[in-house]
Trainee: 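Please see the structure below; I have some questions.
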There are 2 protein chains.
Amino acid sequence: MSVGREGRLSAWIERFAAHFAEEGIPLIGGRILGYLLVCQPTERTAAELSQELEASSGSISTNLKFLVNAGLVTKRTRRGRQAAQYRIDEKRWADLVQRKLDALVSVRELTESGMRLMSGDPERALRLRAVNELYTWLATELPPLWERRPSPSTR
Amino acid sequence: MSVGREGRLSAWIERFAAHFAEEGIPLIGGRILGYLLVCQPTERTAAELSQELEASSGSISTNLKFLVNAGLVTKRTRRGRQAAQYRIDEKRWADLVQRKLDALVSVRELTESGMRLMSGDPERALRLRAVNELYTWLATELPPLWERRPSPSTR
DNA sequence: CCTTGGCTTCGGTCAACACTGAAGCCATAG
DNA sequence: CTATGGCTTCAGTGTTGACCGAAGCCAAGG
């Protein structure tokens with residue numbers, strides 16, 4: 001008994017969501033992201049997501065709000081009391097990655113301020129200095145690298 | 001009434017711990033790291049940490065075990081039933097950062113396997129493809145950059 | 001004005017986890 | 001062999017946060 005394409009896709013969505021759950025994105029939020037990346041057609045209403053992902057309407061609503069707010073999902077409203085359509089905004093995925101890199105680099109501010117507190121006692125500052133140098137290197141290398149990132153290929 | 005150097009340092013330790021708490025390191029674990037980065041002398045026993053950081057012996061024990069296991073802290077035992085000494089191993093800090101970068105890059109495996117599931121339907125794969133390209137770029141750029149990282153300056 | 005569909009809000013439940021403090025466990029010294 | 005100091009383990013507590021589902025709210029249509 002083999003699992004069909006859709007079955008394999010939902011297993012993939014589950015792995016996808018699991019990964020981001022480890023990074024703090026709620027499981028249902030991750031499922032929405034994974035699903036919206038591969039569904040056909042590309043747009044879904046909240047009710048459809050609720051049914052497809054077997055999640056309560058409340059959870060879908062909360063997580064969609066979060067994802068729309070993060071810019072990863074776009075809400076399209078239509079006239080005539082029709083349900084809003086949600087779709088992924090894959091171009092904004094870079095923002096997500098950038099936030100990760102920023103968080104990493106931002107530790108430097110901590111180590112720098114720590115170094116300032118220790119000025120006048122270089123011996124004692126040795127350990128912090130080693131850590132500070134690592135983050136200083138990251139802070140000088142990562143942002144320029146990120147700027148050189150190629151724009152996504154069209155088609 | 002000004003706050004002394006030690007007072008400012010413990011405020012710094014608290015900010016330090018708060019940052020890493022957001023990344024999933026327990027608050028007390030973060031305090032231990034911050035404290036061991038700046039304390040003088042550089043080595044402390046579990047009992048001393050417990051007193052300095054006002055944390056229970058159990059919490060200190062659990063977190064030290066975690067940090068030693070992660071390689072960030074080194075345990076030094078001495079003969080004669082003396083308390084073990086703990087000190088930071090600042091050189092291992094790079095491991096921590098590397099794990100972060102690896103986690104980021106590893107998303108590529110997810111997007112790649114998703115792309116494979118969508119082969120034969122390029123139209124439908126468009127959204128995932130854009131995301132995949134981003135992670136592919138990261139996977140080709142970050143590891144080499146990391147290798148070029150300078151070794152910490154000695155003194 | 002009332003109904004209807006559809007999202008959002010909110011109280012409640014459940015699980016996970018950090019933290020505590022006391023009990024347990026060793027290895028050495030007496 | 002017993003006492004002692006010192007870490008580790010463990011059961012219990014409190015908190016946090018995801019999730020559910022029912023109630024609420026809103027806009028358009030009847």
Side-chain angles (χ1 to χ4, degrees), chain A residues 10 13-36 43-70 72-88, chain B residues 10 13-36 43-70 72-88:
Chain A
S10 60
I13 291 170
E14 207 53 31
R15 280 192 290 138
F16 192 84
H19 176 94
F20 287 99
E22 286 180 1
E23 316 215 328
I25 292 180
L27 200 50
I28 294 186
R31 287 193 185 116
I32 293 175
L33 284 178
Y35 184 77
L36 287 180
E43 289 187 319
R44 290 294 138 104
T45 66
E48 285 165 345
L49 290 171
S50 173
Q51 184 167 9
E52 280 294 330
L53 302 176
E54 296 174 272
S56 71
S57 60
S59 289
I60 295 292
S61 177
T62 303
N63 279 278
L64 275 177
K65 188 175 183 176
F66 169 73
L67 294 174
V68 167
N69 193 47
L72 289 173
V73 168
T74 302
K75 177 181 191 172
R76 187 167 66 90
T77 55
R78 298 172 296 173
R79 303 270 236 77
R81 186 76 307 237
Q82 305 233 20
Q85 302 267 84
Y86 295 90
R87 70 169 175 290
I88 198 100
Chain B
S10 60
I13 291 170
E14 208 53 30
R15 280 192 290 139
F16 191 84
H19 176 95
F20 287 99
E22 285 180 3
E23 316 213 328
I25 291 180
L27 199 51
I28 293 186
R31 287 192 185 118
I32 294 175
L33 284 179
Y35 184 77
L36 287 181
E43 289 187 319
R44 290 294 138 105
T45 67
E48 287 165 345
L49 291 170
S50 173
Q51 184 167 10
E52 280 294 328
L53 303 176
E54 295 174 271
S56 71
S57 61
S59 288
I60 295 294
S61 177
T62 302
N63 279 279
L64 275 177
K65 187 176 185 176
F66 169 74
L67 294 173
V68 167
N69 193 46
L72 290 173
V73 169
T74 302
K75 177 181 189 172
R76 187 166 68 90
T77 53
R78 298 170 297 173
R79 303 274 236 77
R81 188 75 303 240
Q82 305 232 18
Q85 302 269 87
Y86 296 91
R87 70 169 176 292
I88 199 100

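In what follows, chains carry the letters A, B, and so on, assigned in the order in which the sequence lines appear, proteins first and then strands, with residues in each chain numbered from 1. For clarity, every value in this text was computed on a predicted model and none was experimentally measured.
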Trainee: Once you round it to whole Å, what is the distance between P of dG6(C) and CD of Gln51(A)?
Mentor: 12 Å

Trainee: Verify whether one side chain among Ser59(A) and Ser56(A) offers a donor that lies under 3.5 Å from an acceptor in the other.
Mentor: yes

Trainee: Using whole Å, what does the distance between atom C1' of nucleotide dA18(D) and atom CD of Glu54(A) come to?
Mentor: 17 Å

Trainee: From dT8(C), dG6(D), dC20(D), pick the nucleotide closest to the side chain of Ser57(A)?
Mentor: dT8(C)

Trainee: Out of dC20(D), dC19(D), dT8(D), which has the shortest distance to the side chain of Ser61(B)?
Mentor: dT8(D)

Trainee: Measuring from atom NE2 of His19(B) to atom CD of Glu14(B), what distance do you get when rounded to the nearest 0.5 angstrom?
Mentor: 14.5 Å

Trainee: Using a heavy-atom cut-off of under 4.0 Å over every strand shown, decide if Ile60(B) touches base, sugar-phosphate, or nothing.
Mentor: nothing

Trainee: Starting from C1' on dC7(D), measure out to CZ on Arg76(B) and report it in whole angstrom.
Mentor: 17 Å

Trainee: Could you state the CD-C1' distance from Gln85(A) to dC7(C), rounded to the nearest angstrom?
Mentor: 14 Å

Trainee: Whole-Å distance between dA18(D) P and Phe20(A) CZ?
Mentor: 17 Å

Trainee: How would you list, by chain and number, every residue that makes a side chain to side chain contact (heavy atoms under 4.5 Å, CB included) with Ile13(A), sequence neighbours excluded?
Mentor: Arg31(A), Tyr35(A), Val38(A)

Trainee: Between Ser59(A) and dC20(D), is there a contact of a side-chain N or O with OP1 or OP2 at under 4.0 Å?
Mentor: yes

Trainee: Return the value, rounded to whole Å, for the distance between atom CG of Leu49(B) and atom P of dT8(D).
Mentor: 12 Å

Trainee: Mind checking if Leu64(B) touches a base, just sugar-phosphate, or nothing, with heavy atoms under 4.0 Å?
Mentor: nothing

Trainee: Between C1' on dT8(C) and CZ on Phe66(A), what's the gap in Å once rounded to a whole number?
Mentor: 18 Å

Trainee: Is there a side-chain polar atom (N or O) of Lys65(A) under 4.0 Å from OP1 or OP2 of dT9(C)?
Mentor: yes

Trainee: Give a yes or no on whether a salt bridge exists between Arg44(A) and Glu52(A), defined as a side-chain N under 4.0 angstrom from a carboxylate O.
Mentor: no

Trainee: Check every atom of dT9(D), dC7(D), dC7(C) against the side chain of Ala47(B) and return the nucleotide holding the closest atom.
Mentor: dC7(D)

Trainee: Nearest-Å distance, CD (Glu22(B)) to P (dG17(D))?
Mentor: 11 Å

Trainee: So, OP1 or OP2 of dT8(D): does either fall under 4.0 Å of a side-chain N or O from Lys75(B)?
Mentor: yes

Trainee: Of the nucleotides dT20(C), dC19(D), dA18(C), which has the atom closest to the Pro26(B) side chain?
Mentor: dA18(C)

Trainee: Quick one: OG1 on Thr45(A) to CD on Gln51(A), what's the gap to the nearest 0.5 Å?
Mentor: 9.0 Å

